[in-house]
Amino acid sequence: MATDPSRPVIELPPQYDPSVVEAPGYQRWLDAEAFTAGRPDRADRPPFSLVIPPPNVTGSLHVGHAFEHVLMDALTRLKRMQQYDVLWLPGMDHAGIATQNAVERALAKEGLSRHDLGREAFVERVWKWKAEYGGQILGQMRRLGDGVDWSRERFTMDEGLSRAVRTVFKQLFDQDLIYRAERIINWCPRDRTALSDIEVDHREIEGELVTIQYGPLTVATTRAETMLGDTAVAVHPDDERYRHLIGTMVPLPLTGREIPVVADEHVDPAFGTGAVKVTPAHDPNDFEIGQRHGLPSITVLDELGNVTAHGPFQGLDRFEARPAVVEALRAEGLIVAEKRPYLHSVGHCSRCGTVVEPRLSLQWFVRVNPLAKRAGDAVRAGETDFVPPEMAARYFSWVDNMHDWCVSRQLWWGHRIPVWYGPDGETVVPGPDEEPPAGPGWVQDEDVLDTWFSSALWPASTLGWPDVTPDFERYYPTSVLITGYDIIFFWVARMMMFCTFIAPKVPFRQVMVHGLVRDSRGRKMSKSAGNGIDPLELIDSYGTDAVRWTLARAANPGTDVPLSEEWVQGSRNFVNKLWNATRFALMNGADPALPLDEAGLSVADRWILGRLSEVTAEVDALYNAFEFGKACDALFHFARDELFDWYVELAKVPLRGEQADADRTRAVLGRCLDTVLRLLHPIVPFVTDELWRSLNGFTDDTQTLALAQWPADIGLRDPAAVAEMTRLQELVAELRRFRTQQGIASRRKLGAVLLAGDEATEAFAARWSPQLASLADLTIDVGSAAPDGWETLTAAGMSVALDLLGSIDVDAERARITRALAAAAKEIAETSGKLNNQGFLAKAPENVVAKIRARHEAAVSDQDLLNERLRRLG
RNA sequence: GGGCGAUUAGCUCAGGGGGAGAGCGCUUCCCUGACACGGAAGAGGUCGUAGGUUCAAAUCCUACAUCGCCCACCA
């Protein structure tokens, strides 16, 4: 049974070149419609769906995206091979504030601001930006090999998704879950918009605490300028020091106003002076105190952070006003304690880094309590699982302690709030398909919604919600969400809130949480730190598969992933190894289609097929548990250490031997490689598809691993074959070690006689002597006694006589020893220049001395050994 | 202030009551007809510290130290 002669012979070059394989490979998948969900041939298969965490249209994909995409792609490729009807839905996020900032920066280079263009022209400009950068991202996804269904691509500002936003807004409004109110919100004076709590980063800042005299009381503050807006001083109701002052008025310096002293539980008597200035318009706590005591709120800072209060400070920036106010107070002798440094946490805009100003402002809020309760309960009830489970704690810590969500943004790019205000103070929220009220005096709210408002609907809106489309019915809820732990609050929790509100099913059954990509020293990658790696540059240098393999191999659920270029090189090497092992198999006629005669298998065949079975089962389980790193590890070691290093080497003997042995080996090798390529395909899709097609002699473009069957455990296990292989490996290792220790060049054949003592060893010797000869570079005989003068080595139950003296090139060995002695002596001289009477240096780092001494001793003992042998030789 | 996690070979990390592992790096030899993006043989760790449980602890418990991360309305 020789290889089918009509089969095309495919020759591979000795090095894998990703640049000629990847682009045609991706096109082949597209042409085969491999990534299209709902293929007619899978109509009766179960669906498996996931949505991409939509990247921002700003900029391009970074290495974190690459990592996330590799995980999603590996998972969907696995499921596709398992013959699910897979939907991986791609798309992008309009990323309101980030995109608006980016476009504004571009405009600034032309000397323009968004106000020069006006709202309509500016928004048009952003759409143009989106067309340009969005296209760039899509190209990058192709390079990564992402098997997404391009026919279902979505954008958060698509008409359909915008309608979903209006629909949910209307529903929330009608159920009193969204409301407009004047509240303290986080205000970014640079971006001039409100921010939600999680868009604020808290950083420890060294501030200055000053203590100010308010009549009979003193108060401490780090934000002196806000005192212009104080409307009370608060003390603890039980504080004996101040009880007599409660209800009295105290003078507010610099303003000529008087403010009341109020009692409030919030005040900690042990902190500072025990008396707190109350600025309801510029501090969330103070606002609460103000509400409790009916205090007025006086706004003293405008939207730029400039002082609005009348007087000498008017128009000053808040950071100019701060020292100015302190100076003015000092001039009046009202600074009772000097400034002292004080470490406290200050909010910064997560987008631009500006210090956030708490500010009283009229905004729209989502009443999150009922929504968050349901979102938390869904996870508690097991409707959605977190992987790894510890990550659920982060989720709960948020949904269980959430404040109302400020969703209005004073931006132009985003979903405009679907609310109209009438001439007589009416507030109307029309249905998503209704005409808004028109006529004199009617205006739409100027603001847009937080970008996460539409993201929260993503799994439902991309599938057609609010319409019950065929896609929505088939693919919702999605099977799994893959995202980073940094995004649980922003996105996962909000999707759970909104989707359980509208659907009312959970948006996904599982959340697989991955870590962040870090550099080789564990530091977070960022452009500013200069340690960022562009995944596309790595791909250009080493190929997509090498980059994917590097990331996947380090992927343990929930933990961070280090990345450095040299590890990608290592991956590239493995990919190339895979290429060459397959190349060898092809050159030797391996073919998965050859029949496998189980009865005629050799020990080596039964060993490798058994191991193949085990690894198939192991990898299957690991993939399903999202243990990509461990799956890669198992495959790496099986492929390299067992299949390539041992089976392929052993196969060289039968492949060059009898026809029947050769054909049997071709069948086994073909089968093993075919299976390994399938198992590797989810991680390294390009090279495996190319090799698999070559190995199987496929030339038809529709034949692709992307749609091939996932391998099943063929159920072969052969402990006896494993035991015998282990024995062989030990013997070979011992022979090689012996050779190295004796300094016999590996090119030189070492004469050997396998000493068969009994029937079992005789059989072993007869079976393996050709392979032993090839693996350990021996010329080999089987006998019962060691020839005179030969040395005997015993390992793994076999005794082998070795013709050591006949194998040594005396002149070469003598030269080698002389060289070693000279090198050691030179090293000694270079290290200290002084030798003690034993020939070793007296003073040098101990490890250096030890190293040199060892080398010197080794050379001396080699010399002794050689002399001894020469003497015996006569 | 609260919570979570980490501490294992030079670096980055797996492992998890009974033989101390991987990748990369390092040393020596070898360009042998799949592959030098390769092969072979090696060196290297008292698994953070101190106690405890156990026949047995890198692994479980307690405390401590150090380092991360997250949350929080600390004037």
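So that the names make sense, note that chain A is the first sequence line, chain B the second, and so on, each numbered from 1.
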Output field dot_bracket for RNA chain B (Watson-Crick or G-U, both distances under 3.5 Å, | for other-strand pairs) contains ((((((((.[[[[.)..(..]]]].(((((.......))))).....[[[[[..)....]]]]])))))))....
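- Evaluation of the side chain to side chain contact (heavy atoms under 4.5 Å, CB included) rule for A/H293 yields A/V262, A/D264, A/I289, A/L295 as partners, not counting sequence neighbours.
- A/D268 meets the side chain to side chain contact (heavy atoms under 4.5 Å, CB included) test with A/A270, A/F271; sequence neighbours excluded.
- Sequence neighbours left out, the pairs with a member in residues 559-586 of chain A that pass salt bridge (charged side-chain N to carboxylate O under 4.0 Å, His left out) are A/R518-A/D560.
- Not counting sequence neighbours, the partners of A/A662 by the side chain to side chain contact (heavy atoms under 4.5 Å, CB included) test are A/R666.
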For nucleotides 11-17 of chain B, print each protein N/O atom paired with a nucleotide N/O atom at under 3.5 Å, atom names and distance only.
from: B/G15; atom 1: OP1; to: A/K630; atom 2: NZ; distance (Å): 3.3

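- Here salt bridge (charged side-chain N to carboxylate O under 4.0 Å, His left out) pairs that include residues 269-278 of chain A, with residues two or more places apart or in two chains, are A/D230-A/K277.
- Residue pairs meeting the ring-ring contact (aromatic ring centres under 6.0 Å, His included) criterion with at least one partner in residues 539-560 of chain A, sequence neighbours excluded, are A/W549-A/F574.
- A/A752 meets the side chain to side chain contact (heavy atoms under 4.5 Å, CB included) test with A/L778, A/I780, A/V800, A/L802; sequence neighbours excluded.
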List, with names and distances, any nitrogen or oxygen atoms from the protein found under 3.5 Å away from nitrogen or oxygen atoms belonging to nucleotides 36-38 of chain B.
from: B/C37; atom 1: O4'; to: A/N573; atom 2: OD1; distance (Å): 2.9
from: B/C37; atom 1: O2'; to: A/N576; atom 2: ND2; distance (Å): 3.1
from: B/C37; atom 1: O2; to: A/R572; atom 2: NE; distance (Å): 3.0
from: B/C37; atom 1: N4; to: A/Q15; atom 2: OE1; distance (Å): 2.2
from: B/C37; atom 1: N4; to: A/Q15; atom 2: NE2; distance (Å): 3.4
from: B/G38; atom 1: OP1; to: A/N573; atom 2: ND2; distance (Å): 3.3
from: B/G38; atom 1: O3'; to: A/K577; atom 2: NZ; distance (Å): 2.9

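- When the side-chain hydrogen bond (donor to acceptor under 3.5 Å, both in side chains) test is applied to A/W398, no partner is found at least two apart in sequence or on another chain.
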Less than 3.5 Å apart, which donor and acceptor atoms pair up between the side chains of residues 626-635 of chain A and the rest of the protein, not counting sequence neighbours?
from: A/E627; atom 1: OE1; to: A/K630; atom 2: NZ; distance (Å): 3.0
from: A/K630; atom 1: NZ; to: A/N556; atom 2: OD1; distance (Å): 3.4
from: A/D633; atom 1: OD1; to: A/R553; atom 2: NE; distance (Å): 2.9
from: A/D633; atom 1: OD1; to: A/R553; atom 2: NH2; distance (Å): 2.7

